[in-house]
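Contents: one structure, followed by commentary.
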Amino acid sequence: MISYRIEIADVHAHQFRVTLTVPQPAAQQRLSLPAWIPGSYLVREFARHLSQLQARQGSRELALQQLDKATWLAPCDGRGALTVSYLVYAFDTSVRTAFLDARRGFFNGTSTFLRVEGREAEAHAVEMRGLPKGWRVGTALPAVKTDARGQGLYQAGDYDELVDHPVELGDFWRGEFKAAGVPHEFIVAGALPDFDGERLLADARRICEAEIAFWHGRRKPHFKRYVFMLNAVDDGYGGLEHRASTALIAARRDLPQRARADADPKAAGEPGDGYVTLLGLISHEYFHTWNVKRLRPAEFARYDYTQENYTELLWFFEGFTSYYDDLLLLRAGLIDEARYLKLLAKTVTGVLAAPGRQVQSVAQASFDAWVKYYRGDENTPNATISYYTKGSLVALALDLTLRTRGQGSLDDVMRGLWARSDGGPISQDDIAAVLHEVGGRSMAKELQAWVHGTGDLPLKELLQRVGVRWTQQAPTLAQRLGLRVSESALTGIKVSHVLRGGAAEAAGLAAGDELLGVDDWRLRRLDDLLRLLPDDGTATLLVSRDQRLLHLPLAAAAAPDSGAVALSPAPVSDTPSAAAAQSLRQAWMRG
């Protein structure tokens, strides 16, 4: 069968050597490398990291012809096996590509394995041997024959399966647990010595069991084994889903710590904000095992690895996953109601703070992900909206609408879509049809307004119906001005974003400006303005732009609803409506 051998060429040069063997090649055999990786919607041009491509057929050297940025042609003669060898530069610590140094290795197949065009449906084998002393292999790729360190032979049913199993290499921490009877493995690289692996395993197990129960009740899931691969770094956050595994990156300070002997026992069980963020990431990527890896846009029924694959449905696949990631932490008992509402309020505040929500719908944001979401700049908050965050609020609005009408829930919709498609591709028509089935009426009007429109969602009213109080907080100074800044002793107060329609834009501020002073006073921090502005909020800013000094008139007025939103349970009363709202809230939060 088509096979690859992965070797470490040079850890200090960050290079893997890959040897591809193609039995019975075509006379003009085309080979290509994907330009993107499913789950991360940006053309990343992985071929730029390939070098020293050499081809042979038996004892004969072949002259590979490069056809475009990521495609080569091998002129073969006869049926002898084609062998192609090449180097892969690997020095990207993200979850999307490949990495190699003297302590750790990692790779995704999309940035490593040349595709044998016309043969993608055949079985593919991978051999990994010759690892440095103490290194092991971690992957969900099915093993054929491996040793205790994981070195040996692995096999995938086709090319899609091959590239959907990332591989972790190194002297990592490893733990195991079972959820719903299915073996799960957790691999952690780069953790500090006080890392509490047992707590991470216990909490991950609760997440996995809650999500399996969400989709399948008491039945087992569709996969036989699952692997979490977490790279702990000084500063970083992200994840990428795969069919039976996920690659994660998180700040090592956010991992759980073993309790010290002198620690307060009451505080030991309370997860910090960083750890809750990590648990939310684990929940999010695991939920993707169903929602986007099986249930997926109809446009993704078959990936085209050479170019953008457009869909308007990322608001559903990423947004609804973002809705359930924290909600399932609550249902798994890992956070309480107050913490959940705090997380939800942060999302609501973030969406309402983005002027782009009135410019771009979440359906448009989904389609434009390839050119906008992963290429943020100083104008991003004004021109776009995140299909993650607003998509999660669309899910919330639909869920509460169904629940307050007594017509099922979004949970029923998700499971209904799974049953309707048999865990396969779906379209927006399928989503609309199942919403109609569960809700007892068409929800086309809501979908048109909330998914394809740019108006704000009726969240305040819907949350009040389930006994959640919506409180508008006083705006911060940055919110009053309509700008975002970075502050440091070295660079001063630098403007990063000027929000559309705000006082900063009216004053003529621009991204990159340095705020130096106001009237006759030097500014050290933005909050200094709070004490320096007169009561009417008008002043003259001294600004540095491209070495020029500017005097800009400022009128620091803000809309009354520009502050953060706070959410909390409404007070319990003896009225029937309050009791009904509380019952709805409990059903929503507890599932």
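As the structure is a computational prediction, the values presented were derived from the model and not from experiment.
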Short question: side chain of [X], backbone of [Y] - any donor-acceptor pair under 3.5 Å?
X	Y	answer
Arg174	Val188	no
Thr146	Ala143	no
Trp370	Val43	no
Ser283	Asp325	yes
Tyr159	Phe113	yes
Ser392	Thr389	yes

Is the shortest side-chain heavy-atom distance between [X] and [Y] below 4.5 Å?
X	Y	answer
Leu240	Ile37	yes
Tyr340	Leu567	no
Glu185	Arg225	yes
Val362	Trp450	no
Asp411	Arg403	yes
Ile207	Leu279	yes
Trp173	Ile187	no
Trp36	Leu42	no

Do the side-chain N and O atoms of [X] and [Y] include a donor-acceptor pair separated by under 3.5 angstrom?
X	Y	answer
Ser361	Arg357	no
Ser427	Asp429	no
Gln257	Asp196	no
Thr321	Asn291	yes
Tyr41	Asn309	no

Could you tell me which non-hydrogen atom of [X] sits nearest to which non-hydrogen atom of [Y], and how far apart they are?
X	Y	result
Pro569	Glu337	CG-OE2, 3.0 Å
Lys390	Gly453	NZ-O, 4.0 Å
Met589	Arg331	O-CG, 2.9 Å
Asp171	Arg136	OD1-NH2, 4.2 Å
Leu410	Ala395	CD2-O, 3.6 Å

Ring geometry between [Y] and [X] (parallel below 30°, tilted from 30 to 60°, perpendicular above 60°):
X	Y	value
Tyr387	Tyr373	tilted
Tyr310	Phe367	parallel
His288	His284	perpendicular

So, for [X] and [Y], is the gap between ring centers shorter than 6.0 Å?
X	Y	result
His184	Tyr286	yes
Phe320	Phe317	no
Trp418	His222	yes
Phe214	Tyr324	yes

Inset, instruction - Write out all pairs satisfying salt bridge (charged side-chain N to carboxylate O under 4.0 Å, His left out) with one or both partners inside residues 284-294, taking only residues at least two apart or from two chains. - result: Asp164-Lys293
Inset, instruction - Starting from the C-alpha separation in whole Å, work towards a yes-or-no answer on side chain to side chain donor-acceptor pair (under 3.5 Å) for His452 and Trp315. - result: CA-CA 10 Å; His452 298 278; Trp315 59 269; 5.7 Å; no
Hey, are [X] and [Y] close enough for a salt bridge, meaning a charged N less than 4.0 Å from a carboxylate O?
X	Y	answer
Asp92	Arg96	no
Arg375	Asp368	no
Arg441	Glu446	yes

Ignoring hydrogens and angles, write down the donor-acceptor pairs under 3.5 Å from the side chains of residues 228-238, residues two or more places apart or on other chains.
none

Is it possible for you to check whether [X] lies under 6.0 Å from the centre of the six-membered ring of [Y], through NZ or CZ, and within 45° of that ring's axis?
X	Y	value
Arg44	Tyr374	yes
Arg104	Phe172	no
Arg115	Tyr305	no

Inset, instruction - Mark yes when over 12 heavy atoms from residues, nucleotides or ligands other than Asp422 sit less than 6.0 Å from its CG; otherwise mark no. - result: no
Inset, instruction - Taking atom CZ of Arg405 as the centre, report whether more than 12 heavy atoms of other residues, nucleotides or ligands fall under 6.0 Å from it. - result: yes
Legend entry - Any residue meeting salt bridge (Lys or Arg N to Asp or Glu O under 4.0 Å) with Arg296, in chain and number order, not counting sequence neighbours: none
Inset, instruction - Starting from the C-alpha separation in whole Å, work towards a yes-or-no answer on salt bridge (charged side-chain N to carboxylate O under 4.0 Å, His left out) for Arg420 and Glu437. - result: CA-CA 11 Å; Arg420 179 186 179 93; Glu437 291 170 9; 3.4 Å; yes
Inset, instruction - Sort out for me which residue in Val137, Val144, Leu162, Ile6 forms a side chain to side chain contact (heavy atoms under 4.5 Å, CB included) with Tyr154. - result: Val137
Inset, instruction - List the steps, then state whether side chain to side chain contact (heavy atoms under 4.5 Å, CB included) holds for Asp326 with Lys346. - result: CA-CA 12 Å; Asp326 288 336; Lys346 182 179 179 181; over 6 Å; no
Inset, instruction - Starting from the C-alpha separation in whole Å, work towards a yes-or-no answer on salt bridge (charged side-chain N to carboxylate O under 4.0 Å, His left out) for Asp336 and Lys342. - result: CA-CA 10 Å; Asp336 59 18; Lys342 181 180 178 181; over 6 Å; no
